[in-house]
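Before any comments, here is the structure.
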Amino acid sequence: MKAKSFSYQRAKSLDEVIQSLASADKPTMLLAGGQSLFPAIRNRQITPQHIIDIDRVDELSYLYVDDEALHIGALCRHAFLERERILRDNEAWSVIAEAASHVAMYPVRTRGTIGGSFAYAHPAAELPLVALALGARVVLRSVHGQRCVTSQDFFAVAHSPNIEKSEIVVEISFPVPPRSTYSAFVELAPREIGWASAAACAVVTINDGVIVKASIAVGAATSRLWRSSSAEKILLGKRFCDISIEDVANSALHECEGLGIANKERQILIYPVVVGALQQIGDRL
Amino acid sequence: MTALKEVTNLRDTKFVGKDVKQRGGDLMTRGEAKYVADKNIQGQLWARIVRSPVAHAQIVSCDAAKARSYPGVACVLTSADIPDVRFPIRIPMAATPNTERVLQAPLASERVRYVGEPVALVVGSTASVVENAAELVKFEFSALTPVLDLESAADMPAIHPAMGSNTVETVSFSHGEVDKLLAEADIVIHDYLSFPRVTAAPLECRGLVAEWDRVHERMTVWGAAKVKHNNQEFLAEALNLRREQVRLIEMSVGGGFGVRGEFYPEDFLIPFAALKLGKPVKWLEDRSEHFVSINHARYQTHKFTIAASSEGKLLCFRDEAWCDQGAYVRTQGILPTLLPAIHVAGPYDWAGFEIRSNGVLTNRVPVGTVRAPGVTEATFVRERMIDRIAAELAMDPVELRLRNLIKPNQMPFVLDVGTDEPIVYESGDFIDGFRKVLDRGGYKNLRTEQKLLSTERLRYGVGVSAFTEIGSVGPFEDARIDFHDGIFNVYVGVASVGQPVNTTLAQIAADELGVDMGFVAIHHHDTDNTPFGFGAFASRSTTMAGNAICTAARAMRRNASEFLRVDDDELDLISAMTTLPQELRIATGRFDKEHPSFSFGAGLAFVSVDTLYGTVKVLHYTVAYDVGRAINPLLLKGQFTGAVVQGIGSTLFEELAYDSEGQLLTQSLDEYLLPSLYEAPIVETVILEYPVKSNPLGIKGGGEGGVAGVPAAVANAVADALGINTLSQLPLNPSNVLTILASHEPRRGRT
């Protein structure tokens with residue numbers, strides 16, 4: 001198929017993007033890596049009339065760590081994240097690299113960006129799931145200034161991320177985790193390449209042998225990215241070796257069913273991905 | 001095994017039987033081959049089909065005014081603007097009086113019967129223009145209840161009122177006294193099995209370019225495949241032209257697998273528009289369009305009863321099947337209903353069976369054939385049931401099969417099925433063939449590995465399957481050899497749907513002519529210079545065209561040696577060509593084949609199943625297939641290997657899923673999952689050669705059989721790994737595997 005006609009603008013700076021978004025008088029979309037946007041435009045599933053190409057706005061391409069957080073610029077490519085040592089060598093953040101390595105296939109990962117993945121907010125997207133589990137925040141910018149949204153709030157509504165028309169995702173910031181924080185990411189797909197049918201990311205922080213922070217995030221098998229508070233509750237205050245991983249997974253499954261967000265054909269996969277993620281953490285302790 | 005020489009009276013071969021590389025294969029891998037998408041004509045217009053968005057509805061009204069006035073639009077056609085034509089069934093045995101009533105028109109009038117059914121055609125200056133204009137063609141529909149369930153379809157109002165029923169035809173075969181055998185049997189097992197709806201999904205979607213030559217009054221269509229001459233006839237008749245006025249040209253084809261090249265609505269609409277407008281018209285299909293327009297295949301359910309004695313003698317079976325024909329019967333008629341029935345009995349010596357195969361009309365895309373049609377589904381059903389007998393007897397499933405396979409001294413095996421024509425297995429040694437698979441695949445070692453490797457979570461399993469498959473279907477092919485410009489030009493009426501007939505046929509021609517392959521060119525692309533032929537399906541091209549070439553080549557040599565008065569073994573044909581008169585530099589040959597040939601095939605699968613995740617990995621697969629005689633082992637190995645991987649796709653993840661409204665849910669390659677390199681196991685190929693006497697070359701088909709046993713063997717291996725009996729549905733994706741496991745261990749994964 002051929003895309004419907006649209007006007008095209010290649011932005012040179014973040015400022016230009018923000019100004020253009022503010023003054024846009026027709027349906028406008030931002031183009032980063034284009035790996036999801038282009039197929040959707042060509043299939044006429046979405047029909048923007050104006051496209052602002054931000055792919056060369058280099059100021060959005062950065063990654064650094066300071067005292068509070070790991071800052072990942074919106075234009076960081078999946079292929080860069082999957083190899084980044086800062087991520088790989090960190091017990092908590094290694095899941096970011098791990099998740100990035102599961103995005104589609106390599107050629108896609110060389111183009112696709114973390115910011116694009118967030119703005120697209122697909123319920124089976126890898127990096128948003130991991131961000132949700134790690135308590136990351138999404139930094140948005142517009143002519144009105146900067147706004148920070150927790151990933152919990154950002155992904156609260158299926159297929160509709162918390163982002164205004166005039167805003168652009170500029171950064172994802174992952175808070176520096178407490179010591180002894182462990183994470184694991186598992187995704188389950190019928191085929192090696194392709195969208196996951198179910199995915200889970202588990203993060204636990206252990207202090208004096210007891211779990212003091214826990215996060216169980218589930219995606220792909222649900223209509224939106226989601227954290228299971230009931231599963232997390234079971235983990236808190238216990239020693240990891242005393243937990244019944246099966247109970248945690250079943251609790252996540254039940255809570256999800258209760259909320260009515262489970263995909264009927266795939267909900268049977270929620271249990272194994274949660275079990276798998278917790279087993280991975282258990283193996284590392 | 002019979003020595004090849006004895007049955008085939010062959011010359012010494014220099015090329016036949018050798019690993020000759022595919023001619024032009026490098027162009028395809030480098031992306032330099034020219035496909036129909038690469039064909040462009042100066043001044044061409046573009047076409048876009050408007051398709052039904054609903055599964056079943058009356059057409060209340062149609063408003064094309066806005067589309068017609070859209071800038072750049074040349075014409076918009078609806079059913080009122082085209083002749084009332086239907087495309088006949090090209091296979092006589094698949095046509096019945098009933099099927100005539102449910103053939104598809106190029107554009108729906110009055111009623112639409114599936115999502116994707118063409119309702120209008122827009123032609124205009126560019127691809128974008130026609131897509132924009134297509135969105136402006138507005139139809140008003142009055143919804144009807146879609147018929148989707150196979151077994152209850154017969155009780156629903158007929159989707160074709162002229163037919164009066166949603167059962168288009170019922171095929172019945174019987175043999176022996178089943179009631180008596182069932183009453184006497186020690187073990188009787190019932191099950192309900194089904195095979196999912198799949199399609200071939202070739203890498204390249206369809207396309208057509210049609211041009212009307214106003215000076216010579218001729219229609220040329222690029223993009224033909226599979227059955228060119230047949231389509232030439234259909235198109236000529238539908239356009240009210242003589243056959244000679246229509247020329248069909250085959251470009252490179254990136255894969256056919258049975259679906260590409262049949263006569264579809266577009267095959268009429270695009271040339272019709274070109275004729276009407278007097279301008280070239282091009283149409284390229286999108287992938288999402290492909291999924292709702294090209295033939296689907298294989299969806300069927302079986303109520304199956306099987307019986308055996310306590311000593312492990314298979315006695316009889318009863319099979320009632322419901323085969324989805326989709327919304328219309330297309331050019332392949334009731335093959336989707338007939339072919340499973342022909343293949344259910346398979347390679348075993350049954351005392352009796354009863355088969356009833358119901359062809360069901362539903363509000364889904366019409367059904368045709370995909371590589372190894374009928375046999376793949378029937379093999380899955382039967383071989384699963386045989387494994388259930390083995391489990392019941394606590395007998396090795398391999399041993400059970402060895403005891404019941406038809407024995408070599410029973411060949412040729414004539415199977416009376418209660419109709420005019422029996423099924424005949426001409427040649428083969430099924431037991432020897434089956435043992436070869438076990439030996440090559442290392443059956444005993446796999447059993448040991450299975451025990452050593454299996455853990456509580458990761459289980460390993462071994463599965464086998466055996467089958468017989470129809471192939472080398474007639475009725476005839478012609479070949480013409482014409483020496484000009486220093487080359488033996490061989491013209492045949494078969495086709496390439498990606499498979500290398502230009503190589504195998506050149507090997508045969510070169511050997512039979514006694515010249516080097518470099519002196520042989522195979523021509524099959526153009527109806528203008530090839531003899532009428534039946535095309536490329538049912539693994540027939542090499543057998544049919546190969547033997548026709550063989551006849552022509554022998555005639556050419558004979559004529560030359562007679563003219564020059566030299567013995568055949570002293571004849572140098574190339575130098576002879578310089579002295580022979582013109583009429584002796586041409587030879588023709590025909591090969592008639594009244595009956596199809598059946599081939600034996602078998603498979604051995606080694607799989608692992610992760611019982612936590614429900615993921616199945618096929619680690620090793622051994623495939624064996626009887627080709628009668630291998631013309632090119634290298635290319636056969638490629639065919640078999642590709643076929644195995646294709647079979648793994650429909651076993652593990654391919655499924656055209658519909659919702660309760662009749663909407664197709666899997667309309668992209670994101671959702672309809674094809675196997676990738678990651679899912680390809682180590683494939684061992686065993687080429688079985690049990691030559692037939694019914695053709696000079698002794699060959700049988702080879703293109704399809706590699707698929708046929710895969711779903712059965714893999715499903716048997718998965719059941720074996722999990723230690724379960726009932727595994728009656730595909731695909732074996734993680735959700736389905738875990739659901740099967742949960743039904744066996746109810747507490748798992750739930751509380």
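The chains referred to below are lettered A, B, ... by the order of the sequence lines, with proteins before strands, and numbering in each begins at 1.
The candidate from Leu188(A), Ile270(A), Asn43(A) with the greatest count of non-hydrogen atom pairs under 4.5 Å with chain B is Leu188(A). Contact count against chain A (heavy-atom pairs under 4.5 Å) is highest for Glu135(B) among Arg48(B), Glu135(B), Glu671(B), Arg287(B). Of the residues considered (Glu246(A), Arg42(A), Lys4(A), Gln279(A)), Lys4(A) shows the highest number of contacts with chain B, using heavy-atom pairs under 4.5 Å. Each of Leu674(B), Leu677(B), Val616(B) has some count of heavy-atom pairs under 4.5 Å with chain A, and the biggest count is that of Leu674(B).
Between Glu289(B) and Met1(A), every side-chain heavy-atom pair lies at or beyond the 4.5 Å cut-off. Using a 4.5 Å cut-off on side-chain heavy atoms (C-beta onward), Leu652(B) and Pro190(A) make no contact. A 4.5 Å side-chain heavy-atom check between Tyr613(B) and Val186(A) finds at least one atom pair inside the cut-off.
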Contacts under 3.5 angstrom, residues 25-35 of chain A side chains, donor-acceptor by atom type, not counting sequence neighbours:
| from | atom 1 | to | atom 2 | distance (Å) |
| --- | --- | --- | --- | --- |
| Lys26(A) | NZ | Ser7(A) | OG | 3.1 |
| Thr28(A) | OG1 | Lys26(A) | O | 2.7 |
| Gln35(A) | NE2 | Gly33(A) | O | 3.1 |

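Residues Asn733(B) and Arg266(A) bring no donor and acceptor atom of their side chains to less than 3.5 Å of each other.
At most 12 heavy atoms of other shown residues, nucleotides or ligands fall within 6.0 angstrom of atom NZ in Lys617(B). The environment of CZ in Arg83(A) is sparse: at most 12 heavy-atom neighbours from other residues, nucleotides or ligands sit within 6.0 Å.
Taking each heavy atom of Leu269(A) and Leu738(B) in turn, the nearest pair found is CD2-CD1, 3.5 Å. The two residues Glu265(A) and Ser735(B) come nearest to each other via the heavy atoms O-OG, 3.1 Å. Across Leu669(B) and Arg191(A), no two heavy atoms sit closer than the pair O-NH2, 4.2 Å.
Atoms OG and CG, on Ser197(A) and Leu673(B) in that order, are 8.0 Å from each other to the nearest 0.5 Å.
Heavy atoms of Leu732(B) lying under 4.5 Å from chain A are absent altogether. For Ala198(A), no part lies under 4.5 angstrom from a heavy atom of chain B. For Ser128(B), the parts sitting under 4.5 Å from any heavy atom of chain A are the backbone and the side chain alike.
For the pair Glu131(B) (side chain) and Lys2(A) (backbone), a donor-acceptor distance under 3.5 Å is present. A donor-acceptor contact shorter than 3.5 Å is absent between the side chain of Glu192(A) and the backbone of Ser676(B).
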